[in-house]
Amino acid sequence: MWSEADAICLGVDRGDRVVAAAFRRADPTGLVELGRRPLASGEVAAWVGRRESEAHAAGRHIRWVWSSTATWYPRLLDAGVRVERCTDLRLCRAILSSALDDALPPLPVWDAPHEEPAPAALFDVVPDGAARAEEIDETAAEYARQERVAVSSGLRLLLAAESAGSLAAAEMTSAGLPWNRGGHEQILVSELGERTAAGRPRLIEERAREVRAALDDETASLDSQPKLLRALHRAGVAAESTSKWELAEHDHPAIAPLLDYKRMMRLYTANGWGWLDEWVVDGRFRPTYVVGGVVTGRWASSGGGALQIPRLLRPAVRADPGWAIVDADVAQLEPRVLAAMAHDRAMAAAAAGRDLYDGVVSAGVAATRSEAKYAVLGALYGSTTGDAARLMPRLRRAFPRAVGLTDDAALAGERGERVSTMLGRTSPAPGPRWEAMQQRANASAADERSARSAARERGRFTRNFVVQGTAAEWALAWMADLRTRLAAFPPSEVPAPRSGPAFARRPHLAFFLHDEVIVHAPADQAEAAAEAVRESAARAGRLLFGEFPIDFPLDIRIGPSAAE
DNA sequence: CGGCGCGGCGCG
DNA sequence: AAAGCGCGCCGCGCCG
C-alpha cells in the first residue's frame, strides 16, 4: 500500500495518536484512499523517514499532506528527517479561498492560522489530550476539497511553491544562520563603545552629552519624541518632526551628534547585546519565518527581526570551519518581473545584462542611473510627485506594456476590483469602510476628497501587489528548486558542527530575504552550490515566464562571511 | 501592571 | 532632498 502512495496525510485520532493515510491520485476518479495506519508514539519521525527514503530509492516522490508545516515539520527535522514535498493545507486554503471565493466552505478549523510546533509528546509519549494537531478525517477531507477546486495550472504551481516554501522556512530555522558572536560584539564595540557597568555603552553616553551641551539643556530628553521636539524648539531648531530626514535639513550644532545618537540607539536597542543573548544560541541565529505572512505572498518574520538585520552586521554571518557562505541576490528583481509579466520586450532588452537601470538610461528615458531608478520605482509604487512623476511620460513611451500593466492594476484597485499575480494569488477585496467612503463621495467636497484619496491609496497598493506578488512567486520557485538541488549534493567529509542533523553534511539554505538567499556550504562545494543557485534562478524564470527572454542576473559572493 | 497606537527606522 | 509599495521592532506615552 505505502509503496503505491503518491500522497500521505498525517493527522491524529481521538486519542491524539498520529495516523497516516495513503492516497493515490488516479486521473478519472480523482483521489483514492489506499488505507491508514496508526503510528506508535516515538515512531513517527522514523516511519516518515523510511517512507521518504524508500520512495527516493524507487525514483518516486511522496507528498506529505498536513494541516500546517509549522506544526508538523519541526519535530521531524529535530529527529533528522527531511522530506522533499508537502502540502500545507492552511497556507493552500488561504490562497484558494481568496482566489476562488466560494469554492471552499468556510471552516474555522482550517481558516484560523495555526503556527505552533506540535508538542513533542505527539512524537514520543502520548499525553492526556495535550496534542492539538488536526484530526486525520478532517485533514483527509480538506485535502480532497482542495484537490477538487484547485484545477488551474497556475494555482497548482502556486500551491506547490507555497508548500515548498514552508518546508524551506522550517529547514532554515532548523539549520540556522551561522552567526559569530565575537564578530558581532566587535562591531558593537567599534560603533557604540564598550558596555559600561551602569547603563548604556560609552559612545552613546558621550554623544548624548554632546547633544545636550549643544542644546544648552542638561536635562533634555533624547528618547521621547515630544520632549525632544520641545527641546529642539527651545534651542531654535524649528523642526516639525524628529525624523532624521527632516533633522538633516536644519543647521544647528546639536543635529550631527543627535543623528549619530539616534543611529547608535537604533543599533543598541534593535541588535545590541540583548539581541545577541536572546537570538544567537550556540552559534546560530534561528529566526521564525512566517510563510505567506504578507498579502502579496512575501514572507514575514516573527521574533528576532530576521528581515531587518542591518547591513552593518553582515560580517557577523560567518561560516563554520571548513565551510563557506554563498550569498546570492537578484539584481532588480521587481522591474524584471514586471517586464516579463507584461511581455514588454523593450524593457526586457533594457534589463538584458547586469544592470537594468543602466539599460533604462541607454534607452534614453533618463539621464543618470539614479534618475532611471526613481522613474522605475515610481512606476512600481505609484509616485505622483517629484522626479519620478515627471519622468513617467517618457518611461511610458519607452515601455508602454510594462507601464500599462502597472497603470491597469492601479485603476482596477481604484475601482475597488481585485487584482492577481502571475500564478493567481489575489489581492484582498476592499473593506466595508472603503466601500462606504466611496459611496459617500458626492455628499460633500470633503467626502469626495477623502474618497478620492482612499481610492488612490488602494490603487497604489494593487499597482504594487501584482509586481511584488509575482516577484515573491519567482523567489519561491527559485528557493524551491534550489533546496532540491542542494539536497542532491554528496555528503561532505566536514560536518557543520551546529546545523541540524538533516543539514550538517550538505550545502543548505540558511537565510532568505525577498530576493536574496544565503547558502551554508562545505568549502569545497561552495562553487558548485553557487552554480546551483544560478541554475535555479534560470529555472524559476522559465517556470513563470516560459521562453520570454528575460534574465535574472545574480550577485553572488562566496567567502568565510557575508560581508560585502 | 499589560495592551495599544504612534513616531521612528531597519530591511526588501 | 524624499517620494511611492510591503513589512517588524523599538521606546514612549496613554488608557484601562
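The chains referred to below are lettered A, B, ... by the order of the sequence lines, with proteins before strands, and numbering in each begins at 1.
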Given A:Arg396 and A:Asp407, is the salt bridge (charged side-chain N to carboxylate O under 4.0 Å, His left out) satisfied, shown in steps? CA-CA 10 Å; A:Arg396 189 175 286 111; A:Asp407 285 347; 3.0 Å; yes

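In this structure, A:Lys262 atom NZ and B:dG7 atom P are separated by 13 Å, rounded to whole Å. Protein atom CH2 of A:Trp275 is 12 Å distant from nucleotide atom P of C:dC9, rounded to whole Å. A straight line from CG of A:Leu307 to P of C:dG6 spans 16 Å, rounded to a whole angstrom. Between the CG atom of A:Leu333 and the C1' atom of C:dG6 there is a distance of 14 Å, rounded to whole Å. Going from atom CG of A:Asp515 over to atom C1' of C:dC7 covers 14 Å, rounded to whole Å. Put simply, CZ on A:Arg336 is 16 Å from C1' on B:dG12, counting in whole angstrom units. The separation between A:Tyr289 atom OH and C:dC7 atom C1' is 15 Å, rounded to whole Å. In this structure, the OH atom of A:Tyr268 is 18 Å from the P atom of B:dG10, given to the nearest Å.
Of the two residues near DNA chain C, A:Ala300 and A:Ala388, the one whose nearest nucleotide lies more 5' is A:Ala388. The residue among A:Gln308 and A:Tyr381 whose nearest nucleotide of DNA chain C is located toward the 5' end is A:Tyr381.
For an aromatic pair to be called close, the ring centres must be under 6.0 Å apart, and A:Trp275 with A:His184 satisfies this.
Between A:Gln225 and the phosphate of B:dG8, there is a side-chain N or O to OP1/OP2 separation shorter than 4.0 Å. Using a 4.0 Å cut-off, some side-chain N or O of A:Lys227 falls inside it from OP1 or OP2 of C:dG13. OP1 or OP2 of B:dG8 has at least one side-chain nitrogen or oxygen of A:Thr242 nearer than 4.0 Å. At the phosphate of B:dG10, OP1 or OP2 sits under 4.0 Å from a side-chain N or O atom of A:Lys244.
Remark: C:dG16 base-pairs with B:dC1. Criterion, Watson-Crick or G-U wobble with two distances under 3.5 Å. Checking C:dG6 for Watson-Crick or G-U wobble geometry (two distances, each under 3.5 Å) identifies B:dC11 as its partner.
A:Glu334 comes within contact range of no nucleotide atom at all, as no heavy-atom separation falls under 4.0 Å. No engagement by A:Leu267 is indicated, since no non-hydrogen atom pair under 4.0 Å with the nucleic acid exists. Using a 4.0 Å heavy-atom distance criterion, A:Gly304 is classed as a sugar-phosphate-only contact. Among the atoms of the strands shown, only primed sugar atoms or phosphate atoms (P, OP1, OP2) are found under 4.0 Å from some heavy atom of A:Leu513.
No salt bridge links A:Glu191 with A:Arg266; every basic N to acidic carboxylate O contact stays at or beyond 4.0 Å. Between A:Glu414 and A:Arg456, at least one side-chain N (NZ, or NE/NH1/NH2) sits under 4.0 Å from a carboxylate O, which counts as a salt bridge.
Both the sub-6.0 Å distance and the 45° axial angle are not jointly satisfied by A:Arg539 relative to the ring of A:Trp478.
Judged by atom type and distance alone, A:Arg298 reaches the base of B:dG12 through a side-chain donor-acceptor pair under 3.5 Å. Under 3.5 Å, the side chain of A:Arg460 and the base of C:dC5 form no donor-acceptor pair of N or O atoms.
The side chain of A:Thr269 has C:dC10 as its nearest neighbour among C:dG8, C:dC10, C:dA1. Distances were taken from every side-chain heavy atom of A:Asp387 (C-beta onward) to each of C:dA1, C:dC12, B:dG8; the shortest belongs to C:dA1. Distances were taken from every side-chain heavy atom of A:Ser383 (C-beta onward) to each of B:dC11, C:dG4, B:dG8; the shortest belongs to C:dG4.
A donor-acceptor contact under 3.5 angstrom links the side chains of A:Asp217 and A:Thr219, judged on distance only.
For C:dG11, the glycosidic angle deviates from 0 by more than 90°, giving an anti base.
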